[in-house]
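All remarks here apply to the structure that follows.
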Amino acid sequence: MSEQHNTGLPSESTKKKNFIYEIINEDLETNKWNGNIHTRFPPEPNGYLHIGHAKSICLNYGIAKDFQGKFNLRFDDTNPSKEEQEYVDSIIEDAKWLGVEFEDRLFFASDYFEQMYQFAIGLIKKGKAYVCDLNADEIRATRGTLTEPGEESADRSRSIEENLDLFQHMRNGEFKNGEKTLRAKIDMASPNINLRDPIMYRIVHETHQRQGNAWCIYPTYDWAHGLEDSIEKITHSICTLEFENHRPLYDWFLNELGIYHPQQIEFARLNLNYTVMSKRKLLQLVKENYVDGWDDPRMPTISGLRRRGYSSEALRDFAETVGVAKRDALTDISLLEFSIRNDLNKRAQRVMAVLRPLKIVLTNYPEDKVEELEAVNNPEDAAMGKRNIPFSRELFIEQTDFIENPPKGFHRLVPGGEVRLRYAYIIKCDKVIKNENGEVVELRCSFDPETKSGTGTSAKKVKGTIHWVSALQAVPVEVRLYDRLFTIENLASDENWLNFLNPHSLEIIDDALVEPSLQNAKIGEHIQFERNGYFCLDSKFSTQEKLVFNRTVTLKDSWTSKK
RNA sequence: UGCCGGGUCGUCUAAUGGUAGGACAACGCCCUUUGGAGGCGUCUGCGGAGGUUCGAAUCCUCCCUCGGCAGCCA
């Protein structure tokens, strides 16, 4: 961002962020929409929202906010066989959590069904739509191919009166599923297959989660979507690239109807490496129990990321970072991780927790002495204050912070070596105790009383500082470590995507130890386990008796990555 | 051999006929009682070939290449 202030040009928030802002700024200049800007997010309630939807929500809501326009949340509930109330509820919850405000503009496409029906009658009367008797197989067979035109249905020439009558009977429920359809009369030879007399209504005898049994004919996406946008006076109907080929149809319907006509604009959907982003695949992971639900912390769903410990701020920042363009992209997950680290670093309470404990005994420290040592809650934010942590003769440190035969450059604890215990003393490893298998089970160390943290009396310097917990006061907890859900970057084109599930995507440690202050941890809090990463209480499995922590993300590690 | 839309550092994204820049990643140095954070620095890119122009990522032509489309899904 430069410091130039060009009076007369769009303000900071409305200036060109991407090609869509460019279009909107042009529209504003030409007064195309009388100064109105109105966007929408139109999910089908057939699954939970994922981070790709978050990108779209942020885009649409961001535009409304930046241009002082309006934003609608609209459910595109036109297919009762795939949609459920549970999904409606989760989508509203996730959208709100993301921070979007739609005030009273929560809409349902199904509330427009009667209006759509009347529009369809208008098209029939104009000779632009007809009831077709062809079944699904026949329609497919007569659609032609990518390189050959289709054939016209014999019903194409039905009279307007007959079409009107038949359509009424369709609505009345006098036909079985699939027996008849209403089709637009466009062009069976169009090089764009979407224009080869597309279906507007199909018969589905099924209970709609909102409309009950009021309807047995349901509008298809192509027919319904432009109408929804038109009814709501949307100005910019933003959707993903796969609808590009549908735009001529979107325009055709609205032009033939002669009604308010929003502009459809397509952008590239978000893809993240090492995960999947299609609702179909996510549903399969849930249904077949590869994960413990839509909100499994390994899922790229908004609810999964939330349970994992991601903040809505981080998600919004990420959406901003990935940008908006028309080219297909596969975004590196490290971009997301940067956003969450960046956010949590500023506000997460620091705490000491030992994931894989190794006992140490300070042989020269008094048997029953307990010191209360002062620790900083967040070095990034002094306002977060300080706390005391207990220190005593028997402690636990991280197993990985001691190596008997260390590699070059390792500056933690080694036999005969010294290291600082965070907020406490410098200790020296005097003796290594092993079990019959030769595994290190305990260290005998001595501490240097002159090196107490904060006293400034020590001239001694050590290269490493490690975290620890006091054995007596430490609280045993369960910790869940997550890794990428899949082992390969790009699963988009692979039919055997399930073969690439990462068997180590979840690791459960049931005997981790945390400092006593964590007894009071609350669900929704973001906490940094020093040197280990950011964690949060698991909203599903954590109980008062057994705290369960999820690792949101590790800290950036410039040591292990070096090896 | 159809139609539509794309190809800029490893990744994402700017530059709209006038010095190819930012972020992430990586690497190096400094600093550090988190091998965190922070600071400084380095690194690498216009798919190709022609053309127009004083000047092309940008305009034109051809080629290569990637994605989407043949649901009564969205």
Side-chain angles (χ1 to χ4, degrees), chain A residues 1 16-18 22 42-44 46 76 78-79 81-82 132 134-136 139-140 143-150 177-183 190-196 198-204 217-218 220-222 224-225 239-248 266 268 270 273 279-280 320-339 341-342 345-346 350 352 376 379-380 409-412 420-424 426 451 453-454 458 461-467 489 492-493 528-533 554-562:
Chain A
M1 298 297 113
K16 185 174 38 175
K17 283 184 184 169
N18 54 59
E22 196 173 351
E44 184 190 12
N46 66 343
D76 198 13
T78 57
N79 186 355
S81 52
K82 291 190 172 181
C132 183
L134 262 30
N135 65 31
I139 285 185
R140 190 181 315 116
R143 187 155 28 224
T145 68
L146 294 176
T147 52
E148 300 157 324
N177 284 356
E179 205 174 325
K180 288 193 173 10
T181 57
L182 183 74
R183 301 175 74 180
S190 172
N192 181 341
I193 291 182
N194 296 311
L195 261 22
R196 317 239 262 230
I199 287 161
M200 295 163 62
Y201 280 95
R202 72 277 212 195
I203 296 170
V204 181
I217 56 171
Y218 288 91
T220 55
Y221 169 86
D222 285 313
H225 206 88
C239 61
T240 44
L241 252 28
E242 68 268 29
F243 294 104
E244 217 155 15
N245 298 336
H246 294 246
R247 178 155 30 92
E266 310 84 14
L270 172 71
N273 57 8
K279 282 202 218 169
R280 195 199 105 236
E320 195 74 29
T321 304
V322 294
V324 175
K326 291 201 74 165
R327 71 183 83 105
D328 288 308
L330 181 60
T331 299
D332 197 300
I333 191 78
S334 68
L335 236 58
L336 212 211
E337 295 182 341
F338 174 79
S339 288
R341 285 192 187 108
N342 201 30
N345 175 50
K346 284 177 270 173
R350 268 62 167 178
M352 291 207 280
V376 173
E380 302 291 316
F410 182 83
H411 38 237
R412 281 113 88 171
R420 174 172 287 282
L421 295 179
R422 177 80 157 154
Y423 296 124
I426 290 175
T451 59
S453 190
S458 169
K461 289 274 182 200
V462 287
K463 272 185 284 182
T465 299
I466 63 173
H467 59 277
E489 273 196 70
S493 56
Q528 183 191 111
F529 291 0
E530 290 210 28
R531 303 211 303 135
N532 269 318
T554 61
L555 256 28
K556 195 166 87 179
D557 185 352
S558 53
W559 163 246
T560 52
S561 63
K562 206 176 281 187

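Naming: A, B, ... by sequence-line order, numbering from 1 per chain.
- Among the protein residues, A:G409 comes within range of the nucleic acid bases, having at least one heavy atom under 4.0 Å from a base atom.
- Legend: residues meeting salt bridge (charged side-chain N to carboxylate O under 4.0 Å, His left out) with A:E530, ordered by chain and number and at least two apart, are A:R422.
- Looking at residues two or more places apart in sequence or on another chain, you find no salt bridge (charged side-chain N to carboxylate O under 4.0 Å, His left out) involving A:E22.
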Every protein N/O lying under 3.5 Å from an N/O of nucleotides 23-25 of chain B:
{"from": "B:C24", "atom 1": "O2'", "to": "A:S334", "atom 2": "OG", "distance (Å)": "3.3"}

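- A:I203 pairs by the side chain to side chain contact (heavy atoms under 4.5 Å, CB included) definition with A:M170, A:F175, A:N177, A:K180, A:H205, A:I217, not counting sequence neighbours.
- Residues forming a ring-ring contact (aromatic ring centres under 6.0 Å, His included) with A:Y221 (at least two apart in sequence, or on another chain): A:H225, A:F243.
- Ion pair A:E44/A:K82 not flagged as a salt bridge, since none of the NZ, NE, NH1 or NH2 atoms sits closer than 4.0 Å to an Asp/Glu carboxylate oxygen.
- Helical stems of RNA chain B (runs of at least 3 Watson-Crick or G-U pairs, donor-acceptor distances under 3.5 Å) are listed by first residue: B:2-7 with B:64-69, B:10-13 with B:21-24, B:26-30 with B:38-42, B:47-51 with B:59-63.
- Residues A:D222 and A:T220 bring no donor and acceptor atom of their side chains to less than 3.5 Å of each other.
- Not a single donor-acceptor contact under 3.5 angstrom links the side-chain atoms of A:R531 to the base of B:U34.
- Side-chain atoms of A:S81 and A:N79 include a donor-acceptor pair closer than 3.5 Å.
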Under 4.0 Å protein heavy-atom contact, by nucleotide of nucleotides 15-21 of chain B - B base, S sugar-phosphate only | SB-----
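- The shortest distance between side-chain heavy atoms of A:E380 and A:K346 does not fall below 4.5 Å.
- Toward the 5′ end of RNA chain B lies the nearest nucleotide of A:K326, the other residue of the pair A:K326 and A:R350 mapping further downstream.
- By the salt bridge (charged side-chain N to carboxylate O under 4.0 Å, His left out) test, A:R327 is found to be paired with no residue, residues two or more places apart in sequence or in another chain being considered.
- Donor-acceptor pairing under 3.5 Å is recorded for the side chains of A:T145 and A:E148.
- Among the protein residues, A:Q528 comes within range of the nucleic acid bases, having at least one heavy atom under 4.0 Å from a base atom.
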Polar atom pairs between nucleotides 41-48 of chain B and protein, under 3.5 Å, N or O only, would you list them?
none

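- By the salt bridge (charged side-chain N to carboxylate O under 4.0 Å, His left out) test, A:K556 pairs with no residue at all, sequence neighbours left out.
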In B/S/- notation, 5' to 3', how is nucleotides 67-74 of chain B contacted by protein heavy atoms closer than 4.0 Å?
-> SBBBSBSB
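- Base orientation of B:G71: syn, since the glycosidic angle falls within 90° of 0.
- Every residue was checked against the side chain to side chain contact (heavy atoms under 4.5 Å, CB included) condition with A:P191, not counting sequence neighbours, and none meets it.
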